[in-house]
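Here's the structure, in structure tokens; my notes come after.
Keep in mind that this is a model prediction, so the values were computed, not measured.
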Number of protein chains: 2
Amino acid sequence: MNPMTESAGGARDAEAVSKFVESFAAQLVEAGMQRMPARVFAALLSSDEGSMTSAELGEQLRISPAAVSGAVRYLAQTHMVSREREPGSRRERYRVHGNQWYEALTNREAVIKRWEGALREGVTSLGADTPAGRRMAETLAFFEFIETEIVEMMERWRVHREKTFGQE
Amino acid sequence: MNPMTESAGGARDAEAVSKFVESFAAQLVEAGMQRMPARVFAALLSSDEGSMTSAELGEQLRISPAAVSGAVRYLAQTHMVSREREPGSRRERYRVHGNQWYEALTNREAVIKRWEGALREGVTSLGADTPAGRRMAETLAFFEFIETEIVEMMERWRVHREKTFGQE
DNA sequence: CCTTAACTTCACAAAATTCTGAAAGAAGCG
DNA sequence: CGCTTCTTTCAGAATTTTGTGAAGTTAAGG
């Protein structure tokens, strides 16, 4: 009868899950993510299957189908989540791809590329021989440096992960 | 007479500077920074001295003293910019600390720490023996991994920078 | 000390964003 | 093919965020 007692094997404590979802989402929001994507993502991350349907998301988070749709579109674009059709159904499942999402998170390549572009323009338009131009050039070098570093870092992570958690 | 001809040594082409400032600020905004801090920061970055007064910032960006104040407070808190008093004056100068600002940018330690805290709670409240709990644990391991990696990366950058640009 | 220049804080108007309900659009299933 | 179930789009209401003017605070300079 008591929902607290059916922990192992049965339905999870919805209260506790929701509490975690909201607190993790809050952290993501603070780091710059939009509210709905953050909440949807946190919910998916804490689901046992690693995936949920639109209806399940709407129910747990108490948001409209429209909100789910918008959040999922954003998450899919940024490769944090993938969408898959349940065969023989018009229901869609949204899934966090195990270890792929945080790779997406660190994969700021597009952002860095644009910064580099802007900085190159800066060097040109301010003059490579000016103090400001030199500052730009150095900053540009920094970004070029971390760009390759991040790739190597993720390589090392994959090795480390395999050792620690097995391949899967 | 022609402002275009007085490039070397004279006043810089205000038009070109402003254009760069706004376009670089736009990139920062897109990456999640607030508008005013982004614009103020871009302006400082493209000034030859690497520093400007409140009045200069207000004039170039066409914003009120209040806006400058708010933006600078934010930038100082996040260590992107430092404030210094001009001796014997009540004017303050805001300065980008050469190579320190992008270190601040990559120094997301506080953010990562909070994520780690939230994830640890997640492992506990969802159960370390559940699929969701295991996913959390792995994500947690990932953040712990990159935390140390980033420190080492910045070490390497300092060495690389010294070689390329001299100590200063 | 009093004046004045400079920065900060605060309340509010304006602007941008977010979320919803409603309607339209796909796609399985009989 | 039409019915039904699910998803997406869209216009607008509600909330949140942003930037300003004005008043308040601090500190230099007479």
Requested in this report: Could you pull out all residues at least two apart from Arg73(B) that satisfy salt bridge (charged side-chain N to carboxylate O under 4.0 Å, His left out)?
Outcome: none

Requested in this report: Can you label the angle between the Phe24(A) ring and the Phe20(A) ring as parallel, tilted or perpendicular, going by 30° and 60°?
Outcome: parallel

Query raised in the report: Arg83(A) has an atom CZ; how far is it from atom P of dC6(D), in whole Å?
Result: 16 Å

**Report entry** chain A footprint on DNA chain C, 5' to 3' - any atom under 4.0 Å from a heavy atom
**Finding:** dT18(C) to dC29(C)

Query raised in the report: Rounded to the nearest 0.5 Å, how far does CD of Glu152(A) lie from CD of Glu155(A)?
Result: 9.0 Å

Query raised in the report: Where along residues 22-40 of chain A does a heavy atom come under 4.0 Å from DNA chain C, residue by residue in number order?
Result: Gln34(A), Arg35(A), Met36(A)

Report task. Salt-bridge test for Glu138(A) and Arg135(A): reply yes if a basic N is under 4.0 Å from a carboxylate O, no otherwise. Result -> no

Query raised in the report: How long is the line joining CE of Met52(A) and P of dC6(D), in whole Å?
Result: 16 Å

**Report entry** Contact state string [nucleotides 21-30 of chain D, B base, S sugar-phosphate only, - no protein heavy atom under 4.0 Å]
**Finding:** B------BS-

Query raised in the report: Among residues 53-63 of chain A, which contact DNA chain D at a heavy-atom distance under 4.0 Å?
Result: Ser54(A)

Tell me which donor-acceptor pairs under 3.5 Å the side chains of residues 31-58 of chain A have, and how far apart each pair is, sequence neighbours excluded?
residue: Arg39(A); atom: NE; partner: Glu22(A); partner atom: OE1; Å: 3.2
residue: Arg39(A); atom: NE; partner: Glu22(A); partner atom: OE2; Å: 3.3
residue: Arg39(A); atom: NH2; partner: Glu22(A); partner atom: OE2; Å: 3.1
residue: Arg39(A); atom: NH2; partner: Leu61(A); partner atom: O; Å: 3.0
residue: Ser46(A); atom: OG; partner: Ala42(A); partner atom: O; Å: 2.9
residue: Ser46(A); atom: OG; partner: Ala43(A); partner atom: O; Å: 3.3
residue: Ser47(A); atom: OG; partner: Leu44(A); partner atom: O; Å: 2.8
residue: Ser47(A); atom: OG; partner: Gly50(A); partner atom: N; Å: 3.1
residue: Ser47(A); atom: OG; partner: Ser51(A); partner atom: N; Å: 3.2
residue: Asp48(A); atom: OD1; partner: Ala132(B); partner atom: N; Å: 2.9
residue: Ser51(A); atom: OG; partner: Arg93(A); partner atom: NE; Å: 2.9
residue: Ser51(A); atom: OG; partner: Arg93(A); partner atom: NH2; Å: 3.2
residue: Ser51(A); atom: OG; partner: Arg95(A); partner atom: NH2; Å: 3.4
residue: Thr53(A); atom: OG1; partner: Glu56(A); partner atom: N; Å: 3.2
residue: Glu56(A); atom: OE1; partner: Thr53(A); partner atom: N; Å: 3.0

**Report entry** Flag, side chain of Thr124(A) to backbone of Arg120(A), donor-acceptor distance under 3.5 Å
**Finding:** yes

**Report entry** Heavy-atom donor-acceptor pair, Ser18(B) side chain to Glu15(B) backbone, under 3.5 Å
**Finding:** no

Query raised in the report: Taking atom P of dT18(D) as reference, at what distance in whole Å does atom OH of Tyr74(B) sit?
Result: 10 Å

Query raised in the report: Are the side chains of Phe165(B) and Arg134(A) in touch, meaning some heavy atoms are under 4.5 Å apart?
Result: no

